[in-house]
There are 2 protein chains.
Amino acid sequence: MNTLSYGLLTLLSANSLSGYELTQNIKPLWRAGHSQIYPLLMSMEQQGYISYQLIEQSDKPDKKEYSITEAGLEQLRRWVETPAEPPVLRDELHFKLYSLWLSKPEEAKELLQKRAEFCKSELERYKVLLKANEVLRDERGETRELKATTFGRYLLIRKRVLDMESSIQFCEWALEELEPAK
Amino acid sequence: MNTLSYGLLTLLSANSLSGYELTQNIKPLWRAGHSQIYPLLMSMEQQGYISYQLIEQSDKPDKKEYSITEAGLEQLRRWVETPAEPPVLRDELHFKLYSLWLSKPEEAKELLQKRAEFCKSELERYKVLLKANEVLRDERGETRELKATTFGRYLLIRKRVLDMESSIQFCEWALEELEPAK
DNA sequence: GAGGACATGTAACGGGTTACATGATTTG
DNA sequence: CAAATCATGTAACCCGTTACATGTCCTC
């Protein structure tokens with residue numbers, strides 16, 4: 001049971017999903033490919049934390065729909081209350097900024113502009129998600145119980161939005177700092 | 001030549017350093033242990049990107065001081081101007097927030113408070129670094145050439161400060177959002 | 001002489017990426 | 001019938017973490 005396993009349990013605790021859907025849905029939370037996910041699902045199923053039923057579909061290929069078991073939910077509950085490890089950020093840009101003085105000013109500028117563009121496109125994606133989740137909150141907001149399941153998702157998207165805004169701010173500030181050096 | 005290799009070249013392009021010093025200095029930029037670094041240094045030395053001389057010390061154990069070669073500098077220059085891959089952030093907190101509804105409110109609160117504390121201590125460390133580098137800028141600021149080598153470092157520390165401030169802001173906002181649910 | 005900082009390595013294991021492999025179904 | 005999306009798996013390789021291993025020098 002590594003972090004990714006708990007991540008899969010996390011998603012399954014809100015919805016039953018197939019391996020394919022898990023691969024899509026985990027993307028904003030953790031980087032992982034399907035080749036990592038399918039074997040983990042099999043091992044977690046053998047350990048009794050999840051179970052699946054084969055869903056026969058006529059419009060699409062058949063799939064395995066995984067659900068969390070009582071044992072899995074227990075395991076997840078214990079893990080959630082455990083203190084979170086410090087985050088690990090791996091960003092090539094750190095090194096490339098550090099040795100900016102080696103590159104021509106136009107190249108340095110392009111590096112920062114490209115990153116700013118990337119962050120802006122991410123920001124847009126998350127803003128859309130945020131709106132969708134704010135609607136959910138409004139609809140269900142009055143009843144505390146239903147609100148709860150969407151609350152974490154709402155917090156998270158909000159976090160991504162703040163992070164992206166901070167990154168964009170940095171890139172734009174750095175580009176300004178770069179100007180007089182030209 | 002993976003990203004970490006280029007990171008080591010980056011540090012060596014500013015200063016000659018031992019494996020031990022590289023291990024310390026790379027920490028704010030990239031997570032890596034000495035067991036990853038020493039083998040890489042050996043392979044890069046064999047490829048001719050770096051060279052070392054044995055420094056005999058009387059007050060401390062002897063060390064190998066690595067320097068970047070002309071070939072290494074060439075390699076690094078090409079890499080720096082290459083577009084940066086999108087950053088990879090792995091943070092357990094994402095999953096733990098997502099399934100916050102599974103945990104008791106006090107536990108949820110503690111999770112966010114602990115993260116805020118961590119970010120605040122990081123912020124302090126970086127603010128100290130920032131001040132040290134701003135002094136450097138003031139001293140050397142007038143001559144563009146010398147400024148250049150410290151400029152990237154200055155940008156980077158600034159980025160870390162902004163990131164930490166954004167994370168703290170998030171935690172405090174989330175804690176407020178949590179309150180009425182109590 | 002014990003503990004801590006300095007210094008350099010190796011080995012085993014687990015996690016993550018890329019590529020290989022296959023196949024159903026829909027849409028243009 | 002070709003391309004795109006849905007769907008599930010395996011294998012090889014690289015990267016990263018933890019533990020093992022050794023040794024110097026200084027300070028308390």
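All heavy atoms count here, side chains included; hydrogens, waters and symmetry mates do not. The structure presented is a predicted model; accordingly, all values stated were derived computationally and were not measured. Throughout, protein chains are lettered first and strands after them, A, B, ... in sequence-line order, and every chain is numbered starting at 1.
Here A:Lys63 pairs with A:Glu21 in a salt bridge; the nearest charged N to carboxylate O distance falls below 4.0 Å.
Taking only side-chain nitrogens and oxygens, A:Lys63 never comes nearer than 4.0 Å to OP1 or OP2 of C:dA24. A close approach under 4.0 Å does occur between a side-chain nitrogen or oxygen of A:Arg90 and OP1 or OP2 of D:dG16. In terms of phosphate contacts, A:Tyr20 brings no side-chain nitrogen or oxygen within less than 4.0 Å of OP1 or OP2 of D:dT8. The side chain of A:Arg31 places an N or O atom within less than 4.0 Å of a non-bridging phosphate oxygen (OP1 or OP2) of C:dT17.
To the nearest angstrom, C1' of C:dG16 lies 13 Å from CD1 of A:Ile26. Across the protein-nucleic acid pair, A:Gln57 atom CD and D:dC6 atom C1' stand 8 Å apart, rounded to whole Å. The distance between atom NZ of B:Lys60 and atom P of C:dG4, rounded to the nearest whole Å, is 19 Å. What separates OH of B:Tyr38 from P of C:dT10 is a distance of 11 Å, to the nearest Å. Separating the CE atom of A:Met42 from the P atom of D:dT8 is a distance of 11 Å, rounded to the nearest angstrom. Here D:dC15 presents its C1' atom at 10 Å from CG of B:Leu40, a figure rounded to the nearest Å. Note: CG (A:Asn25) to C1' (D:dA7) measures 15 Å, nearest angstrom. In this structure, the CD atom of B:Gln36 is 12 Å from the C1' atom of C:dG15, given to the nearest Å.
Contact annotation for B:Gly19: backbone-only contact, meaning every heavy-atom pair under 4.0 Å involves sugar-phosphate atoms and none involves a base.
Taking the six-membered ring where the residue is Trp, A:His34 and A:Tyr38 present perpendicular rings, their angle passing 60° and hence far from 30°.
Distance from the side chain of A:Pro61 is smallest to C:dA24 among C:dT26, D:dT17, C:dA24. Picking from C:dG16, C:dT26, D:dT8 the nucleotide with the shortest atom distance to the side chain of A:Trp30 gives C:dG16. Minimum atom distance to the side chain of A:Ser35 is reached by D:dT10, of the listed D:dC6, D:dT10, C:dA5.
Between A:Ser58 and A:Thr3, the residue whose closest nucleotide on DNA chain C is further toward the 5' end is A:Thr3.
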ring-ring contact (aromatic ring centres under 6.0 Å, His included) assessment of A:Phe95 paired with B:Tyr6: CA-CA 8 Å; A:Phe95 293 136; B:Tyr6 285 108; 9.3 Å; no
Can you check salt bridge (Lys or Arg N to Asp or Glu O under 4.0 Å) on B:Glu106 and B:Lys109, steps first, answer last? CA-CA 5 Å; B:Glu106 323 97 66; B:Lys109 202 176 157 187; over 6 Å; no
Does B:Glu110 form a side chain to side chain contact (heavy atoms under 4.5 Å, CB included) with A:Glu81? I'd like the steps, not just the answer. CA-CA 9 Å; B:Glu110 210 189 319; A:Glu81 297 192 348; over 6 Å; no
